[in-house]
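Numbering starts at 1 and runs along the sequence shown.
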Amino acid sequence: EIRQAAESGLQSVLARIHPSLRRWTPVFSDDFERAELGPNWQVGIGEWKIEKGRLICGFGQSEIYLKTAFAGYHRLEFEAESLATQPCDLSPVIHAVDPTYTTGYLLQFGGEGNTQNRILRAGSLLTPLGVPRPIKRGQTHHIVAELDGDIVRLSIDGETLVECRDPQPLQNPRNRRVGLCMWSEAAIDNLRVFTSTELPPLHRPTPPRRPINPARRWKMPPPFSADG
């Protein structure tokens, strides 16, 4: 009961988190309607292929990255379905240097045997917090990873599962690769990359107070006198 209450409270907090106010510009898309991987992709590890209009990875650790270096803040979104008996990791990677998750942000969905939703920064845990929502075998999940200023955020099917602030965000000329990190058989489709170079104000500025007209200031009445 205590654990359920804690999880419910965490879900309530994350549900109140406002979505990004940033303006995102689409810079790349892939619907995998072809026979080969093509020149845009670089396999980091594992076996990858295209089959029936979807990007497929095999069993075990599998990583694949776009060759293009994207400037600005990253937003990566795609659809993913686990094909494994025991689902594990349908995880995006953003702001990587090389084709490995240890050089960027790994936003884990279903990590550690489908028990953890969390964010790793350059291979180290950035936050342990995350709504305990597992991958569902046979269900297509819509996955979104983004660096929004200094906020790293993972959303699944329209719900923010985990987000945290990085005081030193990986937003520099070297960390410009995006990719995927899977640990079991999976199918990927409708992948999109967005970037942004601006950060709109997250809070509305407080309107200036109107100056008080001295002639209309309230004055204290004279003290009450029993003599009238």
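Heavy-atom minimum distance, L120 versus R118: CD1-NE, 3.7 Å. Considering all non-hydrogen atoms of both residues, R192 and N190 come closest at NH1-C, 3.5 Å. Listed here is the closest heavy atom pair of P92 and L76: CB-CD2, 3.8 Å.
Linking ILVMFWY side-chain heavy atoms closer than 4.5 Å, directly or via other members, places V97 and W41 in two distinct hydrophobic clusters. No path of Ile, Leu, Val, Met, Phe, Trp and Tyr side chains, each step under 4.5 Å between heavy atoms, connects W183 with L106, placing them in separate hydrophobic clusters.
When the side chain to side chain donor-acceptor pair (under 3.5 Å) test is applied to N40, no partner is found at least two apart in sequence or on another chain. Listed by chain and number, the residues in a side chain to side chain donor-acceptor pair (under 3.5 Å) with D166 are Y105, R121 (sequence neighbours excluded). With sequence neighbours left out, the side chain to side chain donor-acceptor pair (under 3.5 Å) criterion links S184 to no other residue. Partners of R137 under the side-chain contact (heavy atoms from CB on, under 4.5 Å) rule, at least two apart in sequence or in another chain, are P87. Residues passing the side chain to side chain donor-acceptor pair (under 3.5 Å) test with T140, sequence neighbours excluded: none. Every residue two or more places apart in sequence or in another chain that forms a side-chain contact (heavy atoms from CB on, under 4.5 Å) with A80 is listed here: F78, L90, I143, I188. Residues satisfying the salt bridge (charged side-chain N to carboxylate O under 4.0 Å, His left out) test with D98, not counting sequence neighbours, are none.
Judged by distance alone, with hydrogens and angles left aside, the side-chain atoms of R22 form no donor-acceptor pair with the main-chain N or O of W24 at under 3.5 Å. Listed for the N117 side chain is a donor-acceptor partner under 3.5 Å among the backbone atoms of V131. Panel note: side chain E77, backbone A145; no donor-acceptor pair is recorded below 3.5 Å.
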Derivation of the side-chain contact (heavy atoms from CB on, under 4.5 Å) call for L37 and V43: CA-CA 9 Å; L37 283 177; V43 174; 3.8 Å; yes
Working for side-chain contact (heavy atoms from CB on, under 4.5 Å), residues F194 and F70: CA-CA 9 Å; F194 301 80; F70 298 103; over 6 Å; no
Working for side-chain contact (heavy atoms from CB on, under 4.5 Å), residues V144 and I156: CA-CA 6 Å; V144 178; I156 306 296; over 6 Å; no
L170 vs L147, test: side-chain contact (heavy atoms from CB on, under 4.5 Å). Steps then yes/no. CA-CA 9 Å; L170 299 175; L147 176 62; 5.5 Å; no
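Side-chain contact between I135 and C88 is absent, with no heavy atoms from C-beta onward closer than 4.5 Å. Using a 4.5 Å heavy-atom cutoff, the side chains of Y73 and Q171 are in contact. Side chains of C164 and I119 form a contact here, defined as non-hydrogen atoms less than 4.5 Å apart. Residues T127 and V162 meet the side-chain proximity criterion, which asks for heavy atoms closer than 4.5 Å. The closest side-chain heavy-atom distance from L191 to F28 is below 4.5 Å. Taking 4.5 Å as the limit, some side-chain heavy atom of L107 sits within range of a side-chain heavy atom of I94.
Under the ring pair (Phe, Tyr, Trp, His ring centres under 6.0 Å) criterion, the residue pairs touching residues 85-104 are H74-H95, with sequence neighbours excluded. Among residues at least two apart or in separate chains, there is no salt bridge (Lys or Arg N to Asp or Glu O under 4.0 Å) pair with a member in residues 176-185. Identified under the ring pair (Phe, Tyr, Trp, His ring centres under 6.0 Å) test for residues 133-152, with sequence neighbours left out: F109-H141.
Of the charged side-chain nitrogens involved, none lies within less than 4.0 Å of a carboxylate oxygen, so that D148 and R75 do not count as a salt-bridged pair.
Atom CD in Q116 sits 8.5 Å away from atom CG in L125 (nearest 0.5 Å). Atom-to-atom distance recorded for L154:CG and S91:OG is 8.0 Å, nearest 0.5 angstrom.
A donor atom on one side chain and an acceptor atom on the other are found under 3.5 Å apart for Q108 and D89.
The hydrophobic cluster around I56 extends to L83, counting ILVMFWY residues whose side-chain heavy atoms fall within less than 4.5 Å of a member.
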Using atom types as modelled, flag every donor-acceptor pair under 3.5 Å from a side chain in residues 44-55 to any protein atom, sequence neighbours excluded.
{"unit_1": "W48", "atom_1": "NE1", "unit_2": "I45", "atom_2": "O", "d": "3.2"}
{"unit_1": "W48", "atom_1": "NE1", "unit_2": "E63", "atom_2": "O", "d": "3.3"}
{"unit_1": "K49", "atom_1": "NZ", "unit_2": "E51", "atom_2": "OE1", "d": "3.2"}
{"unit_1": "R54", "atom_1": "NH1", "unit_2": "E81", "atom_2": "OE1", "d": "2.7"}

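With a 6.0 Å radius and a threshold of 12 heavy atoms from other residues, nucleotides or ligands, Q168 has its CD atom at or below the threshold.
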